[in-house]
S.K.: 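Input: one structure, supplied below.
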Amino acid sequence: MSVRIWHQSISELDHLPAYRAMLSEHARRVTRPSTVVDLHGMRAGTYPSGAAPIDVLANPWCHYLANLQIVDGVTRAEAEGYDAVAITCFHDPALHEARSVVDIPVVSMCESTVLLSCSVGARLGLVGIGPANVELVADRVRHYGLSGRVAAIVALETAVNEHDVDAEFSEPGAMRRSFQTAARKVIAAGADVVVPCESLLNTSLVRQGVTAVDDVPVVDSLAIMLTHAESLVQLRRTTGLSVSRAGEAARPDPAGVRALRAAAAATLAD
(Lines give C-alpha, C1' and ligand atoms only; values in the text may rest on other atoms or scores of the structure.)
Protein backbone atom coordinates (compact mmCIF):
# COMPACT_ATOMS: atom_id res chain seq x y z
CA MET A 1 0.00 0.00 0.00
CA SER A 2 1.28 3.46 -0.89
CA VAL A 3 2.21 6.16 1.62
CA ARG A 4 1.58 9.87 1.02
CA ILE A 5 3.78 12.27 2.99
CA TRP A 6 3.18 16.01 3.22
CA HIS A 7 6.64 17.57 3.35
CA GLN A 8 6.51 20.96 5.11
CA SER A 9 9.43 23.33 4.69
CA ILE A 10 9.90 26.62 6.55
CA SER A 11 11.31 28.17 3.37
CA GLU A 12 9.40 29.73 0.51
CA LEU A 13 10.33 26.90 -1.85
CA ASP A 14 9.00 28.63 -4.95
CA HIS A 15 11.89 31.10 -4.59
CA LEU A 16 14.49 28.31 -4.38
CA PRO A 17 14.07 26.17 -7.52
CA ALA A 18 17.37 24.27 -7.33
CA TYR A 19 16.86 23.47 -3.65
CA ARG A 20 13.29 22.34 -4.30
CA ALA A 21 14.40 20.09 -7.15
CA MET A 22 17.13 18.51 -5.01
CA LEU A 23 14.71 17.88 -2.15
CA SER A 24 12.29 16.19 -4.53
CA GLU A 25 14.99 14.03 -6.10
CA HIS A 26 16.45 13.04 -2.73
CA ALA A 27 13.02 12.16 -1.32
CA ARG A 28 12.36 9.85 -4.27
CA ARG A 29 15.72 8.15 -3.79
CA VAL A 30 15.45 7.42 -0.06
CA THR A 31 11.78 6.44 0.23
CA ARG A 32 10.01 3.31 -0.95
CA PRO A 33 8.90 3.22 -4.60
CA SER A 34 5.25 3.37 -3.53
CA THR A 35 5.77 6.44 -1.29
CA VAL A 36 4.79 9.87 -2.58
CA VAL A 37 6.38 12.95 -0.99
CA ASP A 38 4.70 16.24 -1.88
CA LEU A 39 6.72 19.37 -1.11
CA HIS A 40 5.07 22.37 0.52
CA GLY A 41 6.75 25.64 1.46
CA MET A 42 5.62 28.69 3.36
CA ARG A 43 3.27 31.11 1.64
CA ALA A 44 4.82 33.65 -0.69
CA GLY A 45 5.59 36.81 1.26
CA THR A 46 5.96 35.03 4.60
CA TYR A 47 9.38 36.64 5.10
CA PRO A 48 10.51 40.19 4.32
CA SER A 49 12.25 40.58 0.97
CA GLY A 50 15.89 39.54 1.29
CA ALA A 51 15.48 38.05 4.79
CA ALA A 52 16.50 34.47 5.48
CA PRO A 53 14.00 32.34 7.45
CA ILE A 54 16.59 31.23 10.02
CA ASP A 55 17.38 34.87 10.85
CA VAL A 56 13.71 35.84 11.17
CA LEU A 57 12.74 32.76 13.17
CA ALA A 58 15.49 33.28 15.75
CA ASN A 59 13.03 35.72 17.36
CA PRO A 60 10.47 33.87 19.55
CA TRP A 61 7.49 35.99 18.43
CA CYS A 62 8.32 35.50 14.75
CA HIS A 63 8.80 31.80 15.43
CA TYR A 64 5.34 31.65 17.01
CA LEU A 65 3.70 33.40 14.07
CA ALA A 66 5.33 31.00 11.60
CA ASN A 67 4.15 28.06 13.68
CA LEU A 68 0.53 29.04 12.98
CA GLN A 69 1.11 28.50 9.27
CA ILE A 70 2.80 25.15 9.86
CA VAL A 71 -0.04 23.82 12.04
CA ASP A 72 -2.53 24.97 9.41
CA GLY A 73 -0.61 22.98 6.81
CA VAL A 74 -0.62 19.89 9.03
CA THR A 75 -4.40 20.04 9.49
CA ARG A 76 -4.81 20.46 5.73
CA ALA A 77 -2.63 17.41 5.16
CA GLU A 78 -4.86 15.21 7.29
CA ALA A 79 -8.03 16.63 5.70
CA GLU A 80 -6.62 15.92 2.23
CA GLY A 81 -5.85 12.29 3.05
CA TYR A 82 -2.10 12.34 3.61
CA ASP A 83 -0.71 9.53 5.76
CA ALA A 84 1.99 11.58 7.53
CA VAL A 85 3.64 14.98 7.75
CA ALA A 86 7.39 15.64 7.79
CA ILE A 87 8.47 19.10 8.99
CA THR A 88 11.81 19.78 7.34
CA CYS A 89 13.47 22.08 9.82
CA PHE A 90 16.01 21.24 12.50
CA HIS A 91 14.45 23.26 15.27
CA ASP A 92 11.20 21.27 14.92
CA PRO A 93 8.79 24.22 14.68
CA ALA A 94 5.23 23.54 15.88
CA LEU A 95 5.89 19.80 16.26
CA HIS A 96 4.18 19.48 19.64
CA GLU A 97 1.25 21.66 18.57
CA ALA A 98 0.82 19.79 15.28
CA ARG A 99 0.65 16.41 16.99
CA SER A 100 -2.07 17.71 19.28
CA VAL A 101 -4.49 18.45 16.44
CA VAL A 102 -4.14 15.51 14.01
CA ASP A 103 -4.09 11.74 14.30
CA ILE A 104 -1.71 11.04 11.41
CA PRO A 105 2.00 10.77 12.31
CA VAL A 106 3.93 14.05 12.38
CA VAL A 107 7.73 13.94 12.43
CA SER A 108 10.39 16.62 12.30
CA MET A 109 14.06 16.66 11.46
CA CYS A 110 15.79 17.19 14.80
CA GLU A 111 13.81 14.73 16.88
CA SER A 112 13.90 11.99 14.25
CA THR A 113 17.59 12.42 13.49
CA VAL A 114 19.00 12.67 16.99
CA LEU A 115 16.94 9.70 18.20
CA LEU A 116 18.10 7.42 15.38
CA SER A 117 21.67 8.71 15.53
CA CYS A 118 21.85 7.43 19.11
CA SER A 119 21.61 3.95 17.57
CA VAL A 120 24.57 4.67 15.28
CA GLY A 121 27.03 6.16 17.76
CA ALA A 122 27.49 6.80 21.45
CA ARG A 123 28.26 10.53 21.19
CA LEU A 124 26.73 12.87 18.63
CA GLY A 125 28.42 15.85 17.04
CA LEU A 126 25.95 18.39 15.68
CA VAL A 127 26.94 20.92 13.01
CA GLY A 128 24.65 23.91 12.53
CA ILE A 129 24.48 26.45 9.73
CA GLY A 130 25.06 29.48 12.00
CA PRO A 131 24.86 30.77 15.58
CA ALA A 132 21.06 31.23 15.58
CA ASN A 133 20.56 27.70 14.27
CA VAL A 134 22.93 26.28 16.90
CA GLU A 135 21.00 27.95 19.74
CA LEU A 136 17.66 26.62 18.49
CA VAL A 137 19.04 23.10 18.01
CA ALA A 138 20.66 23.10 21.48
CA ASP A 139 17.28 24.02 22.96
CA ARG A 140 15.61 21.09 21.18
CA VAL A 141 18.31 18.66 22.34
CA ARG A 142 17.76 19.77 25.95
CA HIS A 143 14.01 19.45 25.52
CA TYR A 144 14.36 15.86 24.30
CA GLY A 145 16.61 14.97 27.24
CA LEU A 146 19.54 14.05 25.01
CA SER A 147 22.19 16.55 26.09
CA GLY A 148 24.18 13.73 27.65
CA ARG A 149 24.52 12.03 24.26
CA VAL A 150 25.90 15.12 22.51
CA ALA A 151 29.67 15.68 22.46
CA ALA A 152 29.46 19.15 20.91
CA ILE A 153 27.31 21.48 18.83
CA VAL A 154 29.21 23.87 16.56
CA ALA A 155 28.35 26.20 13.69
CA LEU A 156 29.92 26.41 10.27
CA GLU A 157 32.81 28.89 10.25
CA THR A 158 30.92 30.94 7.68
CA ALA A 159 27.20 30.98 8.41
CA VAL A 160 24.89 30.07 5.53
CA ASN A 161 21.18 30.49 4.96
CA GLU A 162 18.51 29.68 2.42
CA HIS A 163 19.72 32.37 0.01
CA ASP A 164 23.04 30.55 -0.36
CA VAL A 165 21.43 27.29 -1.44
CA ASP A 166 20.94 27.77 -5.17
CA ALA A 167 24.46 29.19 -5.56
CA GLU A 168 25.89 26.20 -3.68
CA PHE A 169 24.09 23.79 -5.99
CA SER A 170 25.36 25.64 -9.04
CA GLU A 171 28.98 25.73 -7.79
CA PRO A 172 29.28 23.18 -4.96
CA GLY A 173 32.23 22.88 -2.64
CA ALA A 174 32.42 25.80 -0.21
CA MET A 175 29.70 24.51 2.10
CA ARG A 176 31.20 21.01 2.08
CA ARG A 177 34.63 22.29 3.05
CA SER A 178 33.19 24.44 5.83
CA PHE A 179 31.21 21.45 7.09
CA GLN A 180 34.27 19.20 7.12
CA THR A 181 36.16 21.75 9.21
CA ALA A 182 33.30 21.95 11.71
CA ALA A 183 32.88 18.17 11.72
CA ARG A 184 36.50 17.72 12.73
CA LYS A 185 35.87 20.01 15.71
CA VAL A 186 33.02 17.85 17.05
CA ILE A 187 35.03 14.68 16.34
CA ALA A 188 37.90 16.13 18.37
CA ALA A 189 35.38 16.73 21.17
CA GLY A 190 34.50 13.03 21.19
CA ALA A 191 31.74 12.61 18.61
CA ASP A 192 31.55 9.28 16.82
CA VAL A 193 28.68 10.26 14.53
CA VAL A 194 28.15 13.66 12.88
CA VAL A 195 24.76 15.25 12.30
CA PRO A 196 24.26 18.09 9.78
CA CYS A 197 21.68 20.32 11.44
CA GLU A 198 19.51 21.71 8.70
CA SER A 199 17.96 20.53 5.49
CA LEU A 200 19.86 22.90 3.22
CA LEU A 201 23.22 21.70 4.61
CA ASN A 202 22.17 18.06 4.54
CA THR A 203 20.93 18.36 0.95
CA SER A 204 24.18 19.93 -0.22
CA LEU A 205 26.25 17.19 1.45
CA VAL A 206 24.09 14.43 -0.04
CA ARG A 207 24.49 15.94 -3.50
CA GLN A 208 28.28 15.79 -3.08
CA GLY A 209 28.31 12.24 -1.70
CA VAL A 210 29.54 13.13 1.80
CA THR A 211 28.79 10.15 4.05
CA ALA A 212 31.74 10.36 6.47
CA VAL A 213 34.50 12.67 7.70
CA ASP A 214 37.74 10.93 8.73
CA ASP A 215 35.87 7.60 8.90
CA VAL A 216 33.21 9.02 11.27
CA PRO A 217 29.70 8.55 9.82
CA VAL A 218 27.71 11.58 8.66
CA VAL A 219 24.00 10.86 8.85
CA ASP A 220 21.47 11.82 6.18
CA SER A 221 18.94 13.80 8.23
CA LEU A 222 16.33 14.07 5.49
CA ALA A 223 16.43 10.34 4.76
CA ILE A 224 16.09 9.54 8.46
CA MET A 225 13.09 11.83 8.88
CA LEU A 226 11.23 10.48 5.83
CA THR A 227 12.01 6.86 6.75
CA HIS A 228 10.75 7.58 10.28
CA ALA A 229 7.49 8.89 8.80
CA GLU A 230 7.11 5.77 6.64
CA SER A 231 7.77 3.53 9.65
CA LEU A 232 5.17 5.27 11.81
CA VAL A 233 2.58 4.94 9.03
CA GLN A 234 3.37 1.23 8.76
CA LEU A 235 3.13 0.75 12.53
CA ARG A 236 -0.17 2.60 12.63
CA ARG A 237 -1.57 0.33 9.92
CA THR A 238 -0.26 -2.94 11.34
CA THR A 239 -0.43 -2.40 15.11
CA GLY A 240 -2.73 0.58 15.62
CA LEU A 241 0.07 2.67 17.15
CA SER A 242 -0.87 6.34 17.34
CA VAL A 243 0.16 9.51 19.14
CA SER A 244 -0.72 9.56 22.85
CA ARG A 245 -3.85 11.50 23.81
CA ALA A 246 -3.16 11.49 27.53
CA GLY A 247 -3.16 14.80 29.41
CA GLU A 248 -2.46 17.91 27.37
CA ALA A 249 -2.10 15.83 24.20
CA ALA A 250 -5.87 15.29 24.05
CA ARG A 251 -7.50 16.52 20.84
CA PRO A 252 -8.89 20.06 21.35
CA ASP A 253 -12.57 20.88 21.18
CA PRO A 254 -13.32 21.97 17.56
CA ALA A 255 -15.56 24.79 18.76
CA GLY A 256 -12.76 26.12 20.95
CA VAL A 257 -10.30 25.98 18.05
CA ARG A 258 -12.69 27.85 15.76
CA ALA A 259 -13.27 30.57 18.37
CA LEU A 260 -9.56 31.01 19.06
CA ARG A 261 -8.71 31.07 15.33
CA ALA A 262 -11.27 33.81 14.78
CA ALA A 263 -9.98 35.80 17.73
CA ALA A 264 -6.37 35.38 16.58
CA ALA A 265 -7.26 36.49 13.03
CA ALA A 266 -9.02 39.56 14.38
CA THR A 267 -6.09 40.39 16.69
CA LEU A 268 -3.46 40.02 13.99
CA ALA A 269 -5.54 42.03 11.54
CA ASP A 270 -5.50 45.10 13.83
Side-chain angles (χ1 to χ4, degrees), residues 1-44 46 53 66-116 162 165 198-200 202-203 206-207 219-245 249-252 254 257 261:
M1 185 179 295
S2 65
V3 172
R4 294 177 67 216
I5 299 174
W6 174 297
H7 170 289
Q8 180 65 57
S9 173
I10 65 160
S11 300
E12 296 178 38
L13 290 179
D14 289 343
H15 295 168
L16 299 167
Y19 178 47
R20 184 184 189 110
M22 182 58 189
L23 283 173
S24 181
E25 180 205 351
H26 189 42
R28 286 193 300 271
R29 186 170 65 82
V30 301
T31 55
R32 300 165 188 162
S34 59
T35 295
V36 175
V37 179
D38 290 330
L39 304 184
H40 297 82
M42 302 294 268
R43 296 186 184 96
T46 292
N67 284 356
L68 299 176
Q69 193 175 148
I70 293 170
V71 174
D72 187 61
V74 172
T75 58
R76 279 184 54 204
E78 184 172 65
E80 294 178 17
Y82 283 86
D83 299 298
V85 174
I87 302 171
T88 307
C89 176
F90 224 89
H91 52 265
D92 294 354
L95 179 60
H96 181 62
E97 293 84 353
R99 285 176 175 161
S100 75
V101 295
V102 296
D103 291 325
I104 60 174
V106 182
V107 300
S108 195
M109 194 167 256
C110 182
E111 184 187 58
S112 295
T113 303
V114 295
L115 287 174
L116 186 135
E162 291 80 358
V165 172
E198 203 49 81
S199 177
L200 66 93
N202 182 85
T203 305
V206 166
R207 185 171 186 263
V219 301
D220 182 340
S221 304
L222 182 65
I224 289 172
M225 179 187 64
L226 293 175
T227 302
H228 188 197
E230 287 180 312
S231 298
L232 288 175
V233 171
Q234 179 68 11
L235 286 168
R236 188 181 186 209
R237 290 173 175 174
T238 58
T239 72
L241 180 67
S242 63
V243 66
S244 172
R245 291 298 176 207
R251 287 288 292 262
V257 172
R261 282 178 65 98

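Side-chain atoms are counted along with the backbone in the values below, which use heavy atoms only and exclude waters and symmetry mates.
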S.K.: Below 4.0 angstrom, N of the basic side chain to O of the carboxylate: do Arg237 and Glu230 qualify?
M.R.: no
S.K.: For Arg32, give me all partners under side-chain hydrogen bond (donor to acceptor under 3.5 Å, both in side chains), at least two apart in sequence or on another chain.
M.R.: none
S.K.: Report the C-alpha distance between Leu13 and Leu39 in whole Å, list the side-chain angles of each, state the deciding distance to 0.1 Å, and finish with yes or no for side chain to side chain contact (heavy atoms under 4.5 Å, CB included).
M.R.: CA-CA 8 Å; Leu13 290 179; Leu39 304 184; 4.1 Å; yes
S.K.: Asp83 side chain to Arg4 main-chain N or O, any donor-acceptor pair under 3.5 Å?
M.R.: yes
S.K.: Might you point out which heavy atoms bring Met42 and Thr46 nearest each other, and give the distance in Å?
M.R.: CB-OG1, 3.6 Å
S.K.: If you look at every heavy atom in Ser2 and Ser34, which pair is closest and at what distance?
M.R.: CB-O, 3.1 Å
S.K.: Not counting sequence neighbours, which residues clear side-chain hydrogen bond (donor to acceptor under 3.5 Å, both in side chains) with Arg236? List them please.
M.R.: none
S.K.: Is a side-chain donor or acceptor of Asn67 paired with a backbone partner of Pro93 at a separation under 3.5 angstrom?
M.R.: no
S.K.: Just do the side chain to side chain contact (heavy atoms under 4.5 Å, CB included) check on Asp92 and Ile87 with the steps written out, would you?
M.R.: CA-CA 7 Å; Asp92 294 354; Ile87 302 171; over 6 Å; no
S.K.: In Å, rounded to the nearest 0.5 Å, how long is the span from OG of Ser108 to CG of Leu95?
M.R.: 5.5 Å
S.K.: Among all residues two or more places apart in sequence or in another chain, which pass the side-chain hydrogen bond (donor to acceptor under 3.5 Å, both in side chains) test with Ser9?
M.R.: none
S.K.: Residues in side-chain contact (heavy atoms from CB on, under 4.5 Å) with Glu97, at least two apart?
M.R.: Val71, Ala94
S.K.: Within the side chain of Thr35, is there an N or O that forms a donor-acceptor pair under 3.5 Å with the backbone of Thr31?
M.R.: no
S.K.: Are the side chain of Arg99 and the backbone N or O of Val106 linked by a donor-acceptor pair below 3.5 Å?
M.R.: yes
S.K.: Do the side chain of Glu78 and the main chain of Asp103 share a donor and acceptor less than 3.5 angstrom apart?
M.R.: yes
S.K.: Looking only at side chains, do Ser24 and Arg20 share a donor and an acceptor under 3.5 Å apart?
M.R.: no
S.K.: Calculate, to the nearest 0.5 Å, the distance between atoms CG and CG belonging to Leu16 and Leu23 respectively.
M.R.: 9.5 Å
S.K.: Start with the C-alpha gap between Leu222 and Val206, add the side-chain angles, then the distance that decides, and say whether side chain to side chain contact (heavy atoms under 4.5 Å, CB included) holds.
M.R.: CA-CA 10 Å; Leu222 182 65; Val206 166; over 6 Å; no
S.K.: Gln69 vs Arg43, test: side chain to side chain contact (heavy atoms under 4.5 Å, CB included). Steps then yes/no.
M.R.: CA-CA 8 Å; Gln69 193 175 148; Arg43 296 186 184 96; 3.2 Å; yes
S.K.: Before accepting this row, confirm whether a basic side-chain N of the pair Asp72/Arg261 lies closer than 4.0 Å to the acidic partner's carboxylate O.
M.R.: yes
S.K.: Residues two or more places apart in sequence or in another chain: which of them pass side-chain hydrogen bond (donor to acceptor under 3.5 Å, both in side chains) with Thr113?
M.R.: none
S.K.: Between atom NE2 of His228 and atom CD1 of Ile5, what is the distance when rounded to the nearest 0.5 Å?
M.R.: 11.0 Å
S.K.: When rounded to the nearest 0.5 angstrom, what distance separates CG in Leu200 from OG in Ser11?
M.R.: 7.0 Å
S.K.: With ring-ring contact (aromatic ring centres under 6.0 Å, His included) as the rule and sequence neighbours excluded, what pairs involving residues 71-103 come up?
M.R.: Trp6-Tyr82, His63-His91
S.K.: Within this structure, what is the OG1-NE2 distance for the pair Thr203 and His26, rounded to the nearest 0.5 Å?
M.R.: 6.5 Å
